Asker: 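Dumping the structure here so I can ask a few things about it.
Labels below follow one simple rule: chain letters A, B, ... track the order of the sequence lines, proteins then strands, and each chain is numbered from 1. Because the structure is a prediction, the values reported are computed rather than measured.
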2 protein chains.
Amino acid sequence: MLAKSTEYAIRALVFIQLQNWQDKRTGVVEIAKEIEAPEAFTAKVLQTLTKHRIIASMKGRGGGFFFTETSDQMTLFQVIQVMEGESIFHKCGFGLKNCSDANPCPMHDKYRTIRDGFFAIAQSETIHSLSRKVSEGKAVLNRVSFLN
Amino acid sequence: MLAKSTEYAIRALVFIQLQNWQDKRTGVVEIAKEIEAPEAFTAKVLQTLTKHRIIASMKGRGGGFFFTETSDQMTLFQVIQVMEGESIFHKCGFGLKNCSDANPCPMHDKYRTIRDGFFAIAQSETIHSLSRKVSEGKAVLNRVSFLN
DNA sequence: TTATAAAAGGACAACAAGGTCTTTATATAA
DNA sequence: TTATATAAAGACCTTGTTGTCCTTTTATAA
């Protein structure tokens with residue numbers, strides 16, 4: 001469903017949020033390790049997120065990535081949009097160029113339900129809401145839940 | 001969601017079904033044109049489908065692709081499985097290796113609903129059911145509905 | 001003011017998916 | 001039995017995504 005780079009982005013953002021809640025600023029090395037993604041590639045992903053103001057960054061000693069007031073409450077939709085565009089929310093499941101309610105492909109109705117459902121998730125869930133689940137021990141960010 | 005090759009496969013199969021219902025056997029050239037896919041690539045897709053007995057084929061003059069009794073009533077799931085495997089129905093939306101009900105990622109519950117919904121469609125819809133919609137004029141296979 | 005620790009940026013390598021082309025095998029019709 | 005129409009097969013090319021590496025910029029601490 002989502003591109004790998006988008007998955008990395010979301011996982012990274014949740015981790016950054018968790019760190020921020022503990023008044024920590026975190027860098028690529030630590031982030032990549034935590035989300036189990038290649039370091040250099042994670043750096044690229046974070047660069048993209050920073051360029052699009054999903055997060056902010058600081059260079060130099062003690063630098064790293066963090067949320068600002070304006071970048072707070074980012075929805076999944078916004079992140080997905082920045083990472084891979086939003087064609088995923090519009091595309092016909094059958095692959096037709098001009099599929100619509102008026103000119104439907106044979107899967108149109110059922111597939112639209114699924115696609116719209118995914119869109120609803122993307123709109124309602126935020127980095128905040130996901131992070132909260134993790135900090136409450138209701139979900140995990142990587143392999144295993146380390147309740148500490 | 002689905003790979004392009006899978007989309008081509010499903011569209012091709014529906015067209016083949018429609019042709020079969022008219023007691024016609026159809027070949028790559030016509031199929032590719034109808035489903036608006038590159039000819040050589042469509043040939044590869046059909047080769048895969050034939051190899052996995054989703055359809056049968058005949059070489060030589062008057063040859064082409066067609067359904068047999070045993071290959072009738074193919075579900076979308078079976079087609080998807082042959083074309084791209086079924087990881088799409090199991091994969092975690094967050095990208096976690098070990099995401100499960102017991103060890104859920106922060107999107108687990110909601111994403112699973114979507115994924116399971118898609119699985120239900122794939123299991124319940126068949127090449128038959130899709131083709132019927134087209135032949136009844138309720139859906140189209142390509143750009144526009146040509147009711148003839 | 002210099003050394004160091006970080007992100008930013010650019011070039012490119014590896015791999016997968018999508019797509020093309022040419023040759024071979026096989027069935028049918030003339 | 002020969003010409004033709006078709007699918008099968010294999011080699012290859014193209015593009016997009018994922019991933020790496022090296023250099024540059026910038027902030028901080030000593």
Asker: Got a salt bridge between A:E84 and A:K4, using NZ or NE/NH1/NH2 to carboxylate O under 4.0 Å?
Answerer: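 Looking at A:K4 together with A:E84, the answer is no, because their closest N to O distance does not fall below 4.0 Å.
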Asker: What is the distance, to the nearest angstrom, from the CD atom on A:E39 to the C1' atom on C:dA7?
Answerer: 12 Å
Asker: Can you work out whether A:R25 or B:L46 has the more 5'-proximal nearest nucleotide on DNA chain D?
Answerer: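 Final value for this comparison: B:L46.
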Asker: Distance check needed: C:dA7 C1' versus A:E30 CD, whole Å only.
Answerer: 15 Å
Asker: Rounded to the nearest angstrom, tell me the gap between atom CE in B:M83 and atom P in C:dA17.
Answerer: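 In whole Å, C:dA17 P and B:M83 CE are 11 Å from each other.
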Asker: So, is B:K4 near the phosphate of C:dG19, with a side-chain N or O under 4.0 Å from OP1 or OP2?
Answerer: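 Yes.
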Asker: Measuring to OP1 and OP2 of D:dT18, would you say a side-chain N or O of A:Y8 lies under 4.0 angstrom away?
Answerer: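 Indeed not, no polar side-chain atom of A:Y8 lies that close.
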Asker: Figure out the CZ/C1' separation between A:F65 and D:dA27, and round it to whole Å.
Answerer: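 Going from A:F65 (CZ) to D:dA27 (C1'), I get 14 Å.
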Asker: C:dG9, OP1 or OP2 - any side-chain N/O from A:Q47 closer than 4.0 Å?
Answerer: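 Result: yes.
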Asker: Taking the minimum atom-to-atom distance to the side chain of A:K44, which one of C:dG10, C:dT28, D:dA11 wins?
Answerer: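 Closest nucleotide among those given: C:dG10.
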Asker: With a 4.0 Å cut-off, would you call B:K133 and B:E125 a salt bridge?
Answerer: yes
Asker: Would you mind telling me which residue lines up with the more 5' stretch of DNA chain D, A:M58 or A:T42, judged by nearest nucleotide?
Answerer: A:T42
Asker: Report yes if a donor N or O on one partner sits less than 3.5 Å from an acceptor N or O on the other, where the partners are the side chain of A:K51 and the base of C:dG9; otherwise report no.
Answerer: no
Asker: Rounded to whole Å, how long is the line connecting atom CD1 of B:I55 with atom P of D:dT6?
Answerer: 16 Å
Asker: Output the rounded distance in Å from CZ (A:R53) to C1' (C:dA7).
Answerer: 15 Å
Asker: Specify whether A:F119 and A:F89 have parallel, tilted or perpendicular ring planes, treating 30° as the upper limit for parallel and 60° as the lower limit for perpendicular.
Answerer: perpendicular
Asker: Is the A:F94 to A:Y111 ring centre distance short of 6.0 Å?
Answerer: no
Asker: Measuring from the side chain of A:A3 (C-beta onward, heavy atoms only), which nucleotide among C:dA8, D:dT18, C:dT20 has the closest atom?
Answerer: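 Looking only at heavy atoms from C-beta outward on A:A3, the closest nucleotide is D:dT18.
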Asker: Side chain of A:K59, heavy atoms from C-beta onward: which of C:dA7, C:dT20, D:dA7 has the nearest atom to it?
Answerer: C:dA7
Asker: Would you mind telling me which of D:dA7, C:dT20, C:dG9 lies closest to the side-chain atoms of B:A40?
Answerer: C:dT20
Asker: Can you tell me which nucleotide in C:dA7, C:dG9, D:dA8 comes closest to the side chain of A:S57?
Answerer: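 Selected nucleotide (nearest to the side chain): C:dA7.
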Asker: What is the distance from NE2 of B:H52 to C1' of D:dA7, rounded to the nearest Å?
Answerer: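 Spelled out: NE2 on B:H52 to C1' on D:dA7 is 17 Å.
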Asker: Rounded to the nearest Å, what distance is computed from the CD1 atom of residue B:I35 to the P atom of nucleotide C:dG19?
Answerer: 11 Å
Asker: Are A:E86 and A:K91 close enough for a salt bridge, meaning some N to O gap below 4.0 Å?
Answerer: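 Here A:E86 does not pair with A:K91 in a salt bridge, since their nearest N and O are not under 4.0 Å apart.
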Asker: By nearest atom, which of the nucleotides C:dA25, C:dT20, D:dT4 is closest to the B:F41 side chain?
Answerer: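 Looking only at heavy atoms from C-beta outward on B:F41, the closest nucleotide is C:dT20.
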Asker: Please pick, from D:dT18, C:dA7, C:dG18, the nucleotide with the shortest atom-to-atom distance to any side-chain atom of A:V28.
Answerer: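 Selected nucleotide: C:dA7.
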Asker: Between A:Q47 and A:T50, does the side-chain hydrogen bond (donor to acceptor under 3.5 Å, both in side chains) criterion hold? Intermediate values first, please.
Answerer: CA-CA 5 Å; A:Q47 221 174 297; A:T50 303; over 6 Å; no
Asker: Between C:dG18, C:dT4, C:dT28, spot the one nearest the side chain of B:S5, thanks.
Answerer: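 The answer is C:dG18, which lies nearest to the side chain.
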